[in-house]
Protein chains: 2
Amino acid sequence: MAGDGGDERAHERAVAQREIALLLRRLNVELDAVGARFATAHGLNRTDVRALVAVMDAARSGEPITAGRLGEAVELASASTTALLDRLERVGHLRRVRDPQDGRRVVLEMSESAMAAGAEHFGGLQRALGAAMAGYTEQELALVARVLTDVTDAAGRYARSYGDADAQRG
Amino acid sequence: MAGDGGDERAHERAVAQREIALLLRRLNVELDAVGARFATAHGLNRTDVRALVAVMDAARSGEPITAGRLGEAVELASASTTALLDRLERVGHLRRVRDPQDGRRVVLEMSESAMAAGAEHFGGLQRALGAAMAGYTEQELALVARVLTDVTDAAGRYARSYGDADAQRG
DNA sequence: GAAGAAGTCTCGATCGTCGAGAGACCTCAC
DNA sequence: GTGAGGTCTCTCGACGATCGAGACTTCTTC
């Protein structure tokens with residue numbers, strides 16, 4: 001840490017960190033914009049898109065999600081979740097299916113059209129991002145993945161620390 | 001593309017790219033969560049926060065923003081922008097000041113309290129992110145910054161290509 | 001000065017979200 | 001089996017954010 005140039009090196013690192021923080025903010029804005037464009041292009045709102053993504057992820061994992069779980073995932077009150085499902089079902093993106101094992105539950109199934117729209121959207125975005133990464137080596141991308149993992153975990157912890165502040169006070 | 005191991009290497013790269021794309025999605029979710037927590041902690045909604053950030057950035061750049069420009073920045077109709085400014089002014093985060101050069105314009109000034117809240121929020125997040133990056137060298141962070149720049153630009157282009165799709169069809 | 005453009009605001013309507021509570025279903029103790 | 005209590009979803013009424021249309025003020029141009 002010490003030695004000649006140590007201070008300057010620390011300064012350089014601090015600059016790089018600030019630059020990355022700024023880039024992450026810009027990236028967040030752009031990715032939100034992508035989601036917003038997709039939403040309006042399909043006559044949806046932001047919550048609808050988040051919900052479809054959650055349902056899609058659940059379906060992919062093999063554990064279809066229920067109405068209540070979806071409400072938790074998108075942080076919506078139960079009344080709002082019902083309205084959300086009404087909207088998505090009305091336009092044919094979703095089907096409500098009563099759970100035969102537990103008659104209280106409603107499990108959610110995505111329609112083919114919604115799957116296709118999602119695949120087109122995410123596929124396109126992924127291709128665009130892939131093209132942007134085309135100039136980097138496998139090792140470089142692996143490093144980026146490590147950094148992003150660390151940064152994402154830190155952001156998640158920071159987000160959760162907001163809510164826990166009340167709980168910890170006691 | 002050809003050659004011994006070429007296929008495998010391409011495969012590895014594709015895997016790394018997919019992993020990064022997934023990480024970016026997760027990161028976006030977490031950063032949105034941070035914004036949401038900040039918003040509710042301060043009695044604001046998502047739009048309010050976006051607006052405050054825009055006003056803050058403008059103030060920092062030395063060119064204070066006007067009501068109309070802000071509406072464009074957060075993609076809001078003029079009626080909604082007026083309501084937004086009413087909200088933010090009511091809670092004391094913002095001041096409306098008529099432009100002495102152009103009596104139609106209303107320029108926006110952030111209050112000290114809003115500046116402080118923003119600094120606390122972004123400062124805290126930046127510290128958290130900085131800590132997550134502490135284990136990497138200057139060169140590694142520089143590489144990450146380059147990749148993030150490319151990826152962010154690509155995301156921005158992709159987002160804008162959504163809207164242009166209609167214009168291009170013709 | 002008059003005409004038109006630009007910037008902001010007012011009004012009425014629509015839609016997403018919420019809290020409270022109802023209704024259906026499940027679980028478990030008896 | 002039956003009743004009590006918990007879980008899950010939905011209904012209802014209210015609130016707030018957003019919008020389109022248009023009014024009003026101010027600037028620009030002729």
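Lettering of chains follows the sequences in order, A, B, ..., and the numbering in each one begins at 1. A quick note: this is a predicted structure, and the numbers were derived from the prediction, not measured.
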Protein-nucleotide distance (B/D86, atom CG; C/dC11, atom C1'), rounded to Å | 13 Å
Measure from the side-chain heavy atoms of B/A79 and tell me the nearest of C/dG7, D/dC10, D/dG20.
-> D/dG20
Checking C/dG21, D/dA17, C/dC25 against the side chain of A/R104 (C-beta onward), the nearest is C/dC25
Not counting sequence neighbours, which residues clear side-chain contact (heavy atoms from CB on, under 4.5 Å) with B/E109? List them please.
-> B/R95, B/V97
Within the structure shown, what part of the strands sits under 4.0 Å from A/A83 by heavy-atom distance: base, sugar-phosphate, or nothing?
-> base
How long is the span from the CZ atom in A/R50 to the CG atom in A/L76, to the nearest 0.5 Å?
-> 8.5 Å
State which of C/dC9, D/dT18, C/dC18 makes the closest approach to the side chain of B/L76.
-> D/dT18
Mind checking A/T81 for me? I need base, sugar-phosphate or nothing, with any heavy atom below 4.0 Å counting as a touch.
-> nothing
Separation of C/dC25 C1' from A/Q101 CD (nearest whole Å) | 14 Å
Of the options B/D153, B/T149, B/T152, which is the one that meets A/R26 in a side-chain hydrogen bond (donor to acceptor under 3.5 Å, both in side chains)?
-> B/D153
Between A/P100 and B/R105, who's closer to the 5' end of DNA chain C by nearest nucleotide?
-> B/R105
Figure out the CZ/P separation between A/R98 and C/dG23, and round it to whole Å.
-> 16 Å
Establish, with yes or no, whether the OP1 or OP2 oxygen of C/dT17 is under 4.0 angstrom from a side-chain nitrogen or oxygen of A/R87.
-> yes
In this structure, CG of A/L22 is separated from CD of B/Q126 (nearest 0.5 Å) by 7.5 Å
Between A/L85 (CG) and D/dT11 (P), how many Å, whole number?
-> 11 Å
Among C/dG19, D/dC27, C/dT10, which nucleotide sits nearest the side chain of B/D102?
-> D/dC27
Which residues pass the side-chain hydrogen bond (donor to acceptor under 3.5 Å, both in side chains) test with B/S113, sequence neighbours left out?
-> B/S111
Using only side-chain N and O atoms of A/T47, determine if any of them is under 4.0 Å from OP1 or OP2 of C/dT17.
-> yes
What integer distance in Å separates B/L88:CG from C/dT8:C1'?
-> 16 Å
Determine the contact category for B/L84: base if any of its heavy atoms lies under 4.0 Å from a base atom, sugar-phosphate if only primed atoms, P, OP1 or OP2 are that close, otherwise nothing.
-> nothing
Does a side-chain N-to-carboxylate-O contact under 4.0 Å join B/R25 and A/D57?
-> yes
Spacing between A/E72 atom CD and C/dT17 atom P, to the nearest angstrom | 17 Å
For atom CG of A/D99 and atom P of D/dC8, their distance in whole Å | 11 Å
Base, sugar-phosphate alone, or nothing: which one does B/R96 contact when heavy atoms must sit under 4.0 Å apart?
-> sugar-phosphate
Considering only side-chain heavy atoms of B/S80, which listed nucleotide, D/dC10, C/dG16, D/dC19, is closest?
-> D/dC19
Can you tell me how far C1' of D/dG16 sits from CG of B/D48, to the nearest Å?
-> 11 Å
Among the nucleotides D/dT9, D/dC10, D/dC19, which one has an atom lying closest to any side-chain atom of A/S78?
-> D/dC10
